[in-house]
Amino acid sequence: MGRIVIREELCKGCEICVFFCPKKQIVMSEKFNSKGHHSSEFRDTGECNGCTVCAVMCPDVAIEVYK
Amino acid sequence: MGRIVIREELCKGCEICVFFCPKKQIVMSEKFNSKGHHSSEFRDTGECNGCTVCAVMCPDVAIEVYK
Amino acid sequence: MEKVFTRPKTLSDVQMAYCAGCTHGIAHRLVAEVIDELGVRENTVGVCPVGCSVFLYEYFECDTIEAAHGRAPAVATGVKRCLPDRVVFTYQGDGDLAAIGTAEIVHAASRGENISVMFINNAIYGMTGGQMAPTTMLGQESTTTPGGRDHARAGYPMRVCELLSPLEGVAYAARVSLTSPANVAKAKRAIKTAFQNQLDGKGLSIVEMLSTCPTQWGVSPLDAFRHVDEVMTAYYPLGVYKDVNG
Amino acid sequence: MEKVFTRPKTLSDVQMAYCAGCTHGIAHRLVAEVIDELGVRENTVGVCPVGCSVFLYEYFECDTIEAAHGRAPAVATGVKRCLPDRVVFTYQGDGDLAAIGTAEIVHAASRGENISVMFINNAIYGMTGGQMAPTTMLGQESTTTPGGRDHARAGYPMRVCELLSPLEGVAYAARVSLTSPANVAKAKRAIKTAFQNQLDGKGLSIVEMLSTCPTQWGVSPLDAFRHVDEVMTAYYPLGVYKDVNG
Amino acid sequence: MHEEVIMSGTGGQGIMIMGQILAHAAMTEGRHVVWFPSYGPEARGGTADCTVIVSTDEIGSPISAHPDTLVGMHQFLFNRYQPIVKIGGRLIVNTSLIDPATVRTDCDVVMVPANVLAEEIGNVRAANMVMLGVYVASTGVVSVESVLASLPEVFPSHRHKLIPLNESALRKGAELVRG
Amino acid sequence: MHEEVIMSGTGGQGIMIMGQILAHAAMTEGRHVVWFPSYGPEARGGTADCTVIVSTDEIGSPISAHPDTLVGMHQFLFNRYQPIVKIGGRLIVNTSLIDPATVRTDCDVVMVPANVLAEEIGNVRAANMVMLGVYVASTGVVSVESVLASLPEVFPSHRHKLIPLNESALRKGAELVRG
Amino acid sequence: MGKRILMKGNEAVVHGAIAAQCRAFFGYPITPQNEVPEYMSKCMPEVGGVFLQAESEIAAINMVYGAACVGVRAMTSSSSPGISLKMEGISYIAGAQLPCVIVNVQRGGPGLGNIAPAQSDYFQAVKGGGHGDYKLLTIAPWSVQEMFEHAALAFDLADRYRNPAMILSDAIVGQMLEPIEIPDCVDTDIPAKPWATTGASGRSRNILTSLYIVPEDLERINLKIQAKYAAASLREVRYQEFDVEDADLVLVAYGSTARICRTSMTMARKKGLKVGLFRPISLFPFPSARLAELARLGKQFLTVEMSAGQMVEDVRLAVNGVSTVDFYGRLGGMVPGPVEILDQAGLSLERMHPKSYTVGARFGMVGSGE
Amino acid sequence: MGKRILMKGNEAVVHGAIAAQCRAFFGYPITPQNEVPEYMSKCMPEVGGVFLQAESEIAAINMVYGAACVGVRAMTSSSSPGISLKMEGISYIAGAQLPCVIVNVQRGGPGLGNIAPAQSDYFQAVKGGGHGDYKLLTIAPWSVQEMFEHAALAFDLADRYRNPAMILSDAIVGQMLEPIEIPDCVDTDIPAKPWATTGASGRSRNILTSLYIVPEDLERINLKIQAKYAAASLREVRYQEFDVEDADLVLVAYGSTARICRTSMTMARKKGLKVGLFRPISLFPFPSARLAELARLGKQFLTVEMSAGQMVEDVRLAVNGVSTVDFYGRLGGMVPGPVEILDQAGLSLERMHPKSYTVGARFGMVGSGE
Ligand SMILES: Cc1ncc(C[n+]2csc(CCOP(=O)(O)OP(=O)(O)O)c2C)c(N)n1
Ligand SMILES: Cc1ncc(C[n+]2csc(CCOP(=O)(O)OP(=O)(O)O)c2C)c(N)n1
Ligand code: SF4
Ligand code: SF4
Ligand code: SF4
Ligand code: SF4
Ligand code: SF4
Ligand code: SF4
Ligand SMILES: [Mg+2]
Ligand SMILES: [Mg+2]
């Protein structure tokens, strides 16, 4: 069981985490952040296993992972 | 049968031709040329075979060979 | 729950100004992690290039120097020769290292300067707006190769690891990419080796990271990742080109 | 009797200002002979370096340009790109080509500029009075390596043919020496290949000639010849490193 | 007639092309015109602004120290440029990314939720054209028609497929003003 | 006392060290002294000359436009410098490499077959010391003893084995003058 | 007359060069001049010319040297740090007496500085940033139209004097878009180049070098080069004047700063201040004689630059104490505004003509940024 | 006091640098300064310092930049073409506000030129051969003794102002041998360098850069730099005067030319001509105030340089029309002789003071070469 925190202000909406999450736990949000980017959003359906793949691949080091 | 002409004014007395001539047909002269070098001298004992080795090795292209 | 992934301490807690999907960010994180893990932050001097990563100095919590375009290896040489016990690394783009800085990297390598070189090959000049780099692929469009790079006009893409490996002073040369968790893990190992070699006094280590530039390539971040895997890796094979550790 | 050996036409009939026993003179003659034999004198543009052979322009009966130190490949590129049907060669020392001019030769090679590069490796800076060159041997004394070159301080000798051969744009790379009639004959064949390649549009050809510098080595001409054979050739093996002609 | 406008936002918002279209339209209407960009250090995500000066007379300074109008697409540079707008000048504000509470009150202000409006048309990237429509309609510096006619001239041909979208956005902006 | 001398020849003739030895000797005698070289482009075979100025006063110009003395080791530069020697100055001429017929007659002239004399001692390379001996003895700028004492100071230690040869050459030159 | 098109200065200089028969371009990217190599990469091949992105600015200038040697009109372009790297090459080109054109789109310095407009490379351009006694024939466009026209002018000057010519532009002139008129054909004057090293066919060999090992020879070459500069100083002085006749104060500025000054001048006139504008177009040769004349006529001067004070030295040398020369400069990429300059003009007038002018309050309308 | 030893200028500057705690040297061979790296290669290791022959002048100056960053006194040396290659690096060092010392042993130019003495890199040194508004703190030794002493002076200036300093020498001063006295210990002042990038241990990180992307920031840095130059202009002006009090004509010359002028002056005095000598030691800051004062006192000037006229511009700027400034120069490695300068002084006196001086015949004794 895991959980991630996406730091919205660091996120640039590149969708890399969305693509790489093996559990499809991340989606793009509808909101803009202050830079005008859609940021990504943790779905938190309980399937996240804290594998850190999203965090490892995030170019902006915007994700923290808990397990 | 061969013959060489050493252009004294071009010669710098490096002795390379002396060393390489297979027939030992070249010696260093006693004279200085206008640059203050001893130049080399063709002995012309009739043993020169015109092999051009001296000319090929002369760094100053000071030797002409006849055959 | 326990935090199992967080920003390395050596990476400042600010937003980096790279484009969305630009792997400069991943490379930064890996270098920062290695510095953290080796415990050398307070002993490290980073030399920044001119290129998109010019602002590395704002993102790294260690002492840093901004070098002139291409001259980072010379600057690093000046630092390392004066302070041999400091950890000195350069971080350079392909324009910086493989074009204008060719003489400096070749000679730092040939001298075996005991430094670690982080080389970001994104096959383009990012910062100046997408001109051809020495590593731009044949056929690749850039703002100075309209219609795609043609070797008859613009020469061949340069393989840096292959070029430098034969030099005596090179301790380690590896090419990695940043396009998957496995590749990122390999990249980190390579970076760690490059720093460890320096601590061990082995000579110059270089890690070439195939990197994305979605902006200047004109593709989405994901397509940029794919381009690295599918196109760049074919011409720039991943692997370790030299390792004095055997 | 018939004249079987005489000065090539392309070599001016003046005394060259090289030291006694300096093989710059042999190299000059060979290049001039090749130009004569290919009948391209009136079509040739030579680019001279800064180094002892800076005066090549006084000795060659073809059009010549004196380039800034190390920049001959860039100058040659400018000439050749504008006049692709001319024969363009550079003649460069090891300081000129392998130190200050590293970036220019590497990139001319990588681009595959269709030129011929004559590279005189005498392991020293001749003209300026015997300082270390990138190719100076380990242990060799020079005025800037008192006590002999030590790799920890002054780096390793650079092998230019090995460095350039991997580059795509290089058509031909050979290392020869000028220390015996057989070696001179081989050198001439290599030079001819380098020029013929250019006529055939094959890309960049380089002939590295191990050369003597009795003056700055502080030995007699004959000992200098021996030093090339016995010491230099061991570290700089003679041979053809690349040949696109197969 | 002499109008100086600064358009500002972040990289990727299409600030530059918005100004270039205005400049082109002004040229086709026979005006003197200068467009001048200023880039942030980063290719993307950095700041971006440009100045356009349209005049019936020859133009001296291509730089505007005190613009008549500021078109603000993003808070950051808006904060920077707002203070230098002439008293009684005009502010056209993208409220999607600028907090209305931060806007000066001694100017004519037009509030435009440009990102939202652009998304309504189908692409947030057309927010710049919404703003340009508002600008043109509210200043009358050039006609909306000249602007529309300039689109195919200014867009590079590989982006001509985007013209219809941009047209709608421009019209939407213009209509907003005309009511 | 103020003496300006130009020593000239070709590369490899030891022109520079000849001047340096003189300069050193002058220094040990408490004089003001400047030595200034001028190299040809080539490391060997090119031209070489140096100027030495010895004076009881501080020395301004280190360049001599009109030397008191010219020591000529080779024809080429001798031809060049001979015209600027002061009228009534001194010419010391190496007749092994300079044609006596080309020498000015309005100066004190000392003819020295220096190469031949040096070969007699055992090495043509000591011709420079023969000339220096002549120079010192005929001008008296410094004593021969000071010159001899300077040899080990000026020669680098790996060349100290050559000192005896050079001493003989110097003495030979000096004797030539003293007769 | 050609049609009016909207163009960047950096694009215009490319079109101007190609219209002037430039057939070789070698460059390296650097902001704010990237459009020059970018447009060149498109346009050069279309006219059968050579475009090559060099590995560095140093390589680029030496490629230009090679192209110039064979008689081709060749050009390179860069911005401040990149121009510094060309200094050795430029000195060689001047020493070998070869024609070529170098464009500097100046940015903020020193060092990496920034990419904003500046004029702090004036000394480098006109005094000789490289070694030795050479000069660059330097011209300073102030509009996109002139970026086009100065290309041909620069090539003509370069060929006429066998000397490198520089177009000293800046980030404003390079980056701004203006409508320009492109003529159907451009007047340009390419002389024969019998000295070119194109192969010694049917003639004796040509040698191009800047090496003259014998000082007498090198002095002779230098005197020849200086004579060319003296000739250029008689023939190639270019400047523009605006309302100087009755002016009490003459603003002196070049390039984009001159445009801003022109706006300040208009403002000043509206306020009744007798301000004129003198705009040097050729920076070397500098229009010293005319400035000296204006000084003798009693004009006072205010030199305005985006620098710490560089051209002002040439103004002072020209005026030689005959009247007053004030200076106002902004640094590091800051661009002075028209009102800011107007304020300075007021101050100068007040000080120089205390009886006629008591300006008192400044004209600035808003404090910040000015 | 140390003993008197015979030394070349190029050797003296090495000893001076090492005595001043210089502990890093990076250079590349070029005549006529080769003795500098050669002696350094011997001496540096002896004091535990760094000697490295770089692959080029560009690498050398950037290595110096690196060494300066970590607070070490670092130096490079070259001659004219090599100095041109350092222009970008020098501008970076000035922009990042780092101290270091650059030695230029000037030779004939432009281009490859020759290896004879010249002073034609004055503009490059004092006006800014690189881009942007920076200056080199420039001093000009005229003797071997000063080559030694100026090393410490240059390092002190560099450290005091965090700015590169240049020793502007030439082939005469570099190559000549003179006896010098080496003191047992050299006064030198090395300040703390808390800004050095030696590793962020026990403090927050240090960043050394010349990049200030926001123009306001870069202007601020530039103003700071200009303020340093203003301070140096008050405090660091150095010059020497000989017999100027009663002089009608003051020769102005620096470096080796000043020595030659001194001989000319002595000759002139012997002939009853009231000639003095003013020798700027610091070229930047230039001793303008003193020259202006001398001009006000009615002195006339003759500037003598081995150039086409470079320092003379600074003399004219200082004098600002108050009196006459003549110029005499030799080019391309030619060295003016004392009599030749005397002749010129005679001409100047005659023109400036036609009543007091009618020199008529020249003093030259032999025509040729002069
Ligand atoms: C001397 C000099 N030349 C050119 C530039 C302009 N410039 C800045 S970054 C850059 C290249 C950037 O490309 P790269 O090194 O590949 O880095 P990237 O931006 O792709 O990460 C260039 C040419 C400069 N700053 N200085
Ligand atoms: C920019 C520059 N740096 C340095 C020099 C001085 N220089 C002249 S020749 C030379 C090196 C000569 O060595 P090499 O190229 O090996 O030729 P060689 O004389 O041995 O034939 C150097 C450093 C120069 N002329 N220009
Ligand atoms: S930690 Fe793993 S499972 Fe959880 S969101 Fe990230 S990638 Fe998906
Ligand atoms: S990878 Fe990072 S920056 Fe990209 S969308 Fe995910 S959280 Fe945002
Ligand atoms: S031709 Fe052959 S045999 Fe004759 S002299 Fe020369 S080397 Fe000797
Ligand atoms: S090889 Fe040539 S230069 Fe040498 S001694 Fe023989 S002839 Fe003379
Ligand atoms: S331009 Fe390219 S390299 Fe630069 S930040 Fe953007 S994506 Fe990264
Ligand atoms: S110094 Fe060496 S390379 Fe130069 S001419 Fe003499 S021997 Fe040849
Ligand atoms: Mg890149
Ligand atoms: Mg060599």
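First the proteins, then the strands, lettered A, B, ... as listed; each starts at 1.
Heavy-atom minimum distance, V33(E) versus E178(G): O-CG, 3.7 Å.
Residue contact with chain E, scored on non-hydrogen atoms closer than 4.5 Å, involves the backbone of A171(G) exclusively. For P117(G), the part sitting under 4.5 Å from any heavy atom of chain E is the side chain, from C-beta outward, and nothing else. When heavy atoms are compared at a cutoff of 4.5 Å, R259(G) approaches chain E by way of both its backbone and its side chain.
Note: L22(E) CG to L177(G) CG = 11.0 Å, rounded to the nearest 0.5 Å. With rounding to the nearest 0.5 angstrom, the CZ atom of R262(G) is 4.5 Å from the CD atom of E58(E). With rounding to the nearest 0.5 angstrom, the CD1 atom of I63(E) is 5.5 Å from the CD1 atom of I260(G). We find the CE-CH2 distance between M7(G) and W35(E) to be 14.0 Å, quoted to the nearest 0.5 Å.
Few gaps surround NZ on K161(E); more than 12 heavy atoms of other groups in view lie less than 6.0 Å from it. In the displayed structure, R159(E) atom CZ is contacted under 6.0 Å by at most 12 heavy atoms of other residues, nucleotides or ligands. No more than 12 heavy atoms of other residues, nucleotides or ligands lie within 6.0 Å of CZ in F76(E), so this atom counts as exposed by the packing criterion.
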In residues 163-179 of chain E, what donor-acceptor pairs under 3.5 Å come from side-chain atoms, sequence neighbours left out?
| from | atom 1 | to | atom 2 | distance (Å) |
| --- | --- | --- | --- | --- |
| N166(E) | ND2 | L162(E) | O | 2.9 |
| S168(E) | OG | P164(E) | O | 2.9 |
| K172(E) | NZ | E120(E) | OE1 | 3.0 |

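The backbone N or O of S61(E) sits less than 3.5 Å from a side-chain atom of T263(G), completing a donor-acceptor pair.
In this structure, E153(E) and L6(G) have side chains that are not in contact, with every pair of non-hydrogen atoms separated by 4.5 Å or more. P62(E) places none of its side-chain heavy atoms less than 4.5 Å from the side chain of W142(G).
For the set S64(E), G60(E), G19(E), the count of heavy-atom pairs under 4.5 angstrom toward chain G peaks at G60(E).
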